[in-house]
Every structure is written in structure tokens, then in C-alpha cells.
Number of protein chains: 2
Amino acid sequence: MDRREQYREQTRQEAKRIALEQLAAHGLAGISVNAIGKRMGITGPALYRYFANRDALLTELISDGYHDLADTVEAALARARNGRLRAAATAIRDWARAEPHRYLLLFGTPVPGYEAPEHTLAAASRTMAALLSAAGPDTAKPRRSALYRQVTAWGERMGYGELSPRQLHWGLTVWSRLHGVISLEITNQFALSGVDPELLFKAEVDALAGWWTPES
Amino acid sequence: MDRREQYREQTRQEAKRIALEQLAAHGLAGISVNAIGKRMGITGPALYRYFANRDALLTELISDGYHDLADTVEAALARARNGRLRAAATAIRDWARAEPHRYLLLFGTPVPGYEAPEHTLAAASRTMAALLSAAGPDTAKPRRSALYRQVTAWGERMGYGELSPRQLHWGLTVWSRLHGVISLEITNQFALSGVDPELLFKAEVDALAGWWTPES
DNA sequence: CACTGGAGTTATAACTTCTAACAACGATTA
DNA sequence: TAATCGTTGTTAGAAGTTATAACTCCAGTG
């Protein structure tokens, strides 16, 4: 990489870093081109040399977030020997708790202009693939249902190996339930109940882990 | 109510109605005082006779949303004879699908300045109480755990009748899982899988209904 | 009829994003 | 070495935002 390109990349990263700080401190509206520039020691319009516009900057923050989350989950799974679901789930929750504004940037209210680019969808799929790798063995014979037909098509399209429909459905359910309990926790919606969100989270993870045993 | 107060209230309602339209069309940033005023045939600053500031208007939209949702769920439960959980859950989902921007205003990324006023918390509790009224009978003898201690304290504080810890935990779980699957649906995050969100939703409701039977 | 208070107006300040025109500086090339 | 060119920064300005202040106007009341 060219020397100038290095400086350029460095400047871009600094802008994004400061943007995330502003996001954490003052919300999405706090990401102001002028404010970021000021904190970098340059004027606002100078930033337009690095980003086409404010939306482009936001879009990069979102893409970075997806990749960061996928990396985190994959790393946690690489470390885990058993209890793979718990490891992945805890990694997601910890990531969300450490930077709730970032989690909400990805999964909260959508940013109006944003359309996910290709490689971002790939990162999202990596996270899902990681979750699916924690699925238990499916011994039951497959039933026929609209849901199972659809998840089968999805699994084939994404190339999710030899997973059964039940395992694929489990993957979507894992994601849905984790998102439910995590997003309510970081938006403080459990505060009204006074219940420790961690206990609710663990109960959900246990329920998901028990998906494979209560073959009754 | 005074005649002038009636007009005043009418104007306030019109402003909020238009604000919701702007929210649906252009997101939170689309709620502009000037834009609302223009659509009402008055200038922007005139609206400050009716709302202290833009945040106050947003706050009212949120409060109205909580009450509207609670009303909807209670009405659905009043109609339902059996399948009370399904009735309540479907009511929430339908409400969210009909006005996703409103659902996200309540449960998506929090609006920076907003702190829920007292009567809003009451409306949130009404929704939870409605859900809890759909709990099945709990015949098992109560175990001891940190979670059960905490939900018991919550139930006593809120006056949720004679519900067991298991039923209270179920209520929080219902809310968490429904929020998970509904919020992912309306933010289109299931689109990548191509799976019909309704099937995932129904599967979650079935699982929650089955909470009381798999006493194995 | 006079008066008072609410509801609207315009003007203005201080922000915002973003474009255009211009200056300066570093690296490459003749 | 000297000229040129591209990149990065600047300031100025347009068009938008929230919000306040000052002013007008009109309806209802005593």
C-alpha cells in the first residue's frame, strides 16, 4: 500500500473511531461531520475527502460491526471445547453489553438510508454459521412442513453443510431468542421487573440447549 | 373542556398524527417541526405553542404507543375465549406489522433524551399483565433459585395476583421471545433466510404454549 | 367598548450537511 | 533542477434544522 494511502486509511479509521464515541455518547444524531472533524483537528468539510457523505460513514460503521461481531463469535467458538452454544451466546451478549450502541446500530431501528452491501451479508451469514455449528445431533426423522421446506431451501442456498431442517430451524430460533433477551437487556426494558437479565439470558440458553434432549 | 381547549387538543392530535406519518415515511429524522407545521398550514415555530420542544412531541408519541399497544392486547384478550396466549401474541405481532416504525419507536433503539413517565410505565405493565393472564396452570412445586426469588419480588411489587414464580418467569420469557421474533421480522432480518417469519412466529408461540405440558 | 390572552407571524441565532472555489504542499516527471 | 499534478486542507455559502424573541391580530370577557 502506498504511503499516502496508509495515511489516508489511518485518517478514515480515526474518523470512524471518533464517530463510534459520539454514537455512544450522544446517539446517532451525535454523529456530526463537523463535530468529528473538530475532534480530529480539521474542519468538517475536510472529511468529505474521505467519505462520500455522512451516510457512507454510517454504512461503514454498520459493516464493521457485522464483521466485528462475527469475528468475536468465531473466536469464542474456537476457544470453546464443549458448551459451544453457551460460548457463542455469551460472546454475543458480552459484545452487545460492551457496546450497546453498536449492537443497536446493527439490530435496532434500521438506519433509513442503509442497504446492506454484499460482504456485510456474508458477515451476517458467518455469525449464523457459527451458531449453527453449535447445534446438537438430530436423530429424529424429519417431518414435513412448510417451515422445514423453507429452511431446507435456505440451508442449500447458503451451503450450510448437512444440517437437518430441525437444526436449521433451531439456528433461526437461537438467533431470535438471543436477540430478544439481549436487546431488551441493553435497552433496559427489564429494569421495570428488577430481575437480573443475566438469569433470564441463562434460562434462555438452557432452553435452547435442551432443544435436543426432551425427545420425551 | 373549554371550547378553546378543544381546538387546542385537536391541533395537538393533528400534529401527532402527521408526525407519525412522517416517522413512517422518513424515519425519526423526518419528524421535523417545520415539516409538520407546513403540512398543517402553519409555520414551524407556531407548533411551540403546543409542544415545549421536539423531544416533548416524541415523548408523547412514545407514551401514546404504549397505551395503544396495551389497549390492543387487552381488547384481543377480551375477545378470545381460549388460546389466550395465541390471541395476545398475534395482537402484538399484528400491531407491530401494521406500524413497524411505531413498534420500533417503543422497543427499538432508545430515543436519546427520553425517560418514561409514570403513566407510561403503567401502560407497559398493563401489557405484561395481559400476557400473564394467559399463563397456564402451574402444578409443579416451586424450586428455589435466584431467578425465582427475583420474579417473586417483582410479582409482589406489581401486584400480579397469585402467580407462581414459574408463571412470572414465563411472562418475561414470552415477552422476550415475542420481541425477538417480531423485531427481527419487521426489521427484515429474516429476509436473508427466505423463511416466512409467520412460521417462525407460530413455532415460538407453540413452544411457549407448550411450556406447561412437557412436565415429561 | 376596552382589554386581555392565545395563536399565529417574521426575524434571527446557532446549529446541521454538503458543494464550490481556492490555497498549499508533496511527489512525480520532464 | 524545475514544472506540474494530485491530494488535502481551507473558507464561503446554500439550504436545511431547532428554538427563541418580538410583534400582530383576533376572539371572548367584563
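Chain A is the first sequence line, chain B the second, and so forth, proteins listed ahead of strands; every chain is numbered from 1.
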Between residues 45-59 of chain A and DNA chain D, which residues have a heavy-atom gap below 4.0 Å?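 Result for residues 45-59 of chain A: A:P45, A:A46, A:R49, A:Y50, sorted by number.
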
In residues 23-33 of chain B, what residues come within less than 4.0 Å of DNA chain D, judged by heavy atoms?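 Within this stretch, B:I31, B:S32, B:V33 sit under 4.0 Å of the strand.
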
Problem - Reported CG-to-CZ distance for the pair A:L131 and A:R84, which is rounded to 0.5 angstrom - result: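 Result: 10.5 Å between the selected atoms.
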
Nearest to the side chain of A:T43, heavy atoms from C-beta on, is which of C:dA7, D:dT11, C:dT9?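 My answer, after comparing the listed nucleotides, is D:dT11.
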
request  = Compute the centroid of each ring, for A:H169 and then for A:W154, and state whether the two points are separated by less than 6.0 Å.
outcome  =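 Aromatic pair excluded; centres sit 6.0 Å or further apart.
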
Given axes from five pairs at either end, by how many degrees does the helix from C:dC1-D:dG30 to C:dA30-D:dT1 bend, rounded to 10°?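 End-to-end axis angle for the helix from C:dC1-D:dG30 to C:dA30-D:dT1: 20°, rounded to 10°.
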
Notebook entry, point to check: So, are A:D68 and A:R102 salt-bridged, with charged N and O less than 4.0 Å apart?
Noted result: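 A:R102 and A:D68: salt-bridged.
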
Checklist line | Side-chain H-bond candidate by donor/acceptor type, A:R177 with B:S176, under 3.5 Å | finding: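 No, because no side-chain N or O of A:R177 sits under 3.5 Å from a partner of the opposite role on B:S176.
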
Exercise for the section: Would you indicate, yes or no, if D:dT18 has its OP1 or OP2 atom less than 4.0 angstrom from a side-chain nitrogen or oxygen of B:N34? Expected result: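 So the side chain of B:N34 is within the cut-off, an N or O lying under 4.0 Å from OP1 or OP2 of D:dT18.
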
- Distance check: side-chain N/O of B:R8 vs OP1/OP2 of C:dA7, anything under 4.0 Å?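 Answer yes for this pair, as a side-chain N or O of B:R8 is under 4.0 Å from OP1 or OP2.
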
Original post:
How are the rings of A:Y66 and A:F107 set to each other: parallel, tilted or perpendicular (split at 30° and 60°)?
Top reply: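 Because their plane-to-plane angle is over 60°, the rings of A:Y66 and A:F107 count as perpendicular.
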
Checklist entry - Where do B:W170 and B:L208 come nearest, in terms of heavy atoms and distance? => result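 Closest approach of B:W170 to B:L208: NE1-O, 3.1 Å.
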
> Between D:dT8 atom P and A:E9 atom CD, what is the distance in whole Å?
Replying inline: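 Rounded to the whole Å, the gap is 12 Å.
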
* Pair B:Q13-B:E9, side chain to side chain donor-acceptor pair (under 3.5 Å): steps then yes or no -> CA-CA 6 Å; B:Q13 295 304 325; B:E9 189 54 28; 2.7 Å; yes

Considering only heavy atoms from C-beta outward, does the side chain of B:H179 approach that of B:Y103 to under 4.5 Å?
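They are in contact (side-chain heavy atoms under 4.5 Å apart), so the answer is yes.
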
